[in-house]
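Worksheet: one structure, shown below.
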Amino acid sequence: MRNINSPQTEQALLQRANAIAGLTFAELAEELGIIVPPDLKRDKGWVGQLIETALGAKAGSKPEQDFAHLGIELKTIPINSNGYPLETTFVSLAPLVQNSGVDWQHSHVKHKLSKVLWIPVQGERQIPLAERYIGSPILWQPNSRQEQQLRRDWEELMDYIVLGKVAQINGTLGDVLQLRPKGANSRAITKGIGKNGEMIDTLPLGFYLRKEFTAEILQNFLLGK
DNA sequence: CACTGATCATGT
DNA sequence: ACATGATCAGTG
């Protein structure tokens, strides 16, 4: 696999992202010497890692933005033929303990979403993985209304966590941000706060952006907003 | 058929 | 277990 250096400026990153727009996964994978799997069933993160490699993001599991020196997080987003998101977007794990005093301004969610480079990709399963196209990049920062929506949901959801109501949490809570399981499987365990304030074993949860929210980001870009 | 809950791969 | 990258798939 060819090594690609990390872009040193936002402009250079955007230039690279624009350069791969219009390629199929097969075309980009060949350039990079990467094998395209038959489907994503056992390679759910493959598209994200393909784009990371192409744009020079460091691979790995480090808990920081993809382009920390640029303050930019990279996200691929699968869309249908109408340009509408096919999936929610994972943001970060929810802190289920040691979270008293954490406010929105210092939250992982706010930090991760402060600046995101979205790469729309074709995601419909009827299209063979190799033949799916990469779309044009969208560099996004939340506007004041979007940040207010995120903050309101984050604060509501964190209240459940801090007040020992994790057992009452489900994916229906939150207008634009939701909490859903995030782990190897339903047997995954982490520490949380119980209804009497005690430490309990519970399912790890992650913050996800609802499709309606990311759809607005993509739509605003098309409208030149 | 959209959505929530479940799941997969990999590195630390 | 937790962080990265996400999509799968049963069901209301």
Side-chain angles (χ1 to χ4, degrees), chain A residues 1 6 25 28-29 32 34-68 72-82 84-99 107-109 111-113 116-130 132 134-135 153 157 160-161 166-192 199-215:
Chain A
M1 181 186 310
S6 185
F25 294 167
L28 181 57
L32 299 172
I34 295 173
I35 302 297
V36 183
D39 56 58
L40 296 177
K41 282 193 174 78
R42 298 200 162 262
D43 297 270
K44 296 184 180 182
W46 184 81
V47 177
Q49 295 184 349
L50 174 73
I51 303 299
E52 278 188 349
T53 301
L55 298 184
K58 1 181 174 168
S61 56
K62 290 174 282 296
E64 56 184 16
Q65 288 161 315
D66 297 282
F67 303 97
I72 294 175
E73 172 76 10
L74 177 67
K75 292 284 185 194
T76 61
I77 181 160
I79 57 173
N80 65 18
S81 56
N82 296 318
Y84 195 86
L86 287 165
E87 298 288 349
T88 57
T89 301
F90 173 72
V91 180
S92 63
L93 281 172
L96 301 186
V97 293
Q98 297 176 344
N99 44 30
S107 68
H108 290 311
V109 173
H111 184 244
K112 281 282 185 67
L113 298 181
V116 178
L117 183 64
W118 299 94
I119 310 290
V121 298
Q122 286 187 322
E124 287 169 323
R125 291 185 225 178
Q126 64 190 58
I127 309 173
L129 186 59
R132 296 181 198 173
I134 300 163
D153 284 348
L157 295 168
Y160 276 80
I161 292 172
V166 281
Q168 298 176 40
I169 293 174
N170 59 54
T172 67
L173 300 172
D175 291 333
V176 301
L177 196 64
Q178 62 180 170
L179 281 170
R180 304 217 312 278
K182 171 64 176 177
N185 51 50
S186 59
R187 282 91 64 198
I189 283 173
T190 191
K191 294 299 181 187
M199 193 95 96
I200 60 168
D201 285 343
T202 189
L203 195 60
L205 300 175
F207 286 105
Y208 294 80
L209 295 176
R210 291 189 182 278
K211 288 186 282 187
E212 292 78 2
F213 187 79
T214 49

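A note on names: the letters A, B, ... follow the listed sequences, proteins ahead of strands, and every chain is numbered from 1. Remember, predicted model here, so these are calculated numbers, not experimental data.
Distance alone, capped at 3.5 Å, places no donor-acceptor pair between the A:R42 side chain and the A:P37 backbone.
Computed from coordinates, the A:Q65 CD to C:dA3 P distance equals 16 Å when rounded to whole Å. The nearest whole Å value for the distance from the NZ atom in A:K182 to the P atom in C:dT7 is 11 Å. Atom CH2 of A:W46 and atom P of C:dA6 are 13 Å apart (whole Å). Atom C1' of nucleotide C:dG5 and atom CD of A:E73 are separated by 10 Å, given to the nearest angstrom. In this structure, A:W118 places its CH2 atom 9 Å from P of C:dA6, rounding to the nearest Å.
An OP1 or OP2 oxygen of B:dT7 is reached within less than 4.0 angstrom by a side-chain nitrogen or oxygen of A:S186. Within the 4.0 Å cut-off from OP1 or OP2 of B:dC3, not a single side-chain nitrogen or oxygen of A:T88 is found. Side-chain N/O atoms of A:R180 include none lying less than 4.0 angstrom from OP1 or OP2 on B:dC3. For the pair A:K41 and C:dT7, the criterion of a side-chain N or O lying under 4.0 Å from OP1 or OP2 is not met. The phosphate of B:dT4 has neither OP1 nor OP2 within less than 4.0 Å of any side-chain N or O from A:T172. Taking side-chain N and O atoms only, A:R42 has no distance below 4.0 Å to OP1 or OP2 of C:dT7.
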Using atom names, set out every protein N or O paired with an N or O of nucleotides 10-12 of chain C below 3.5 Å, distance rounded to 0.1 Å.
none

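For B:dT7, the base has a donor-acceptor partner in the side chain of A:K44 [N/O atoms by modelled type, under 3.5 angstrom].
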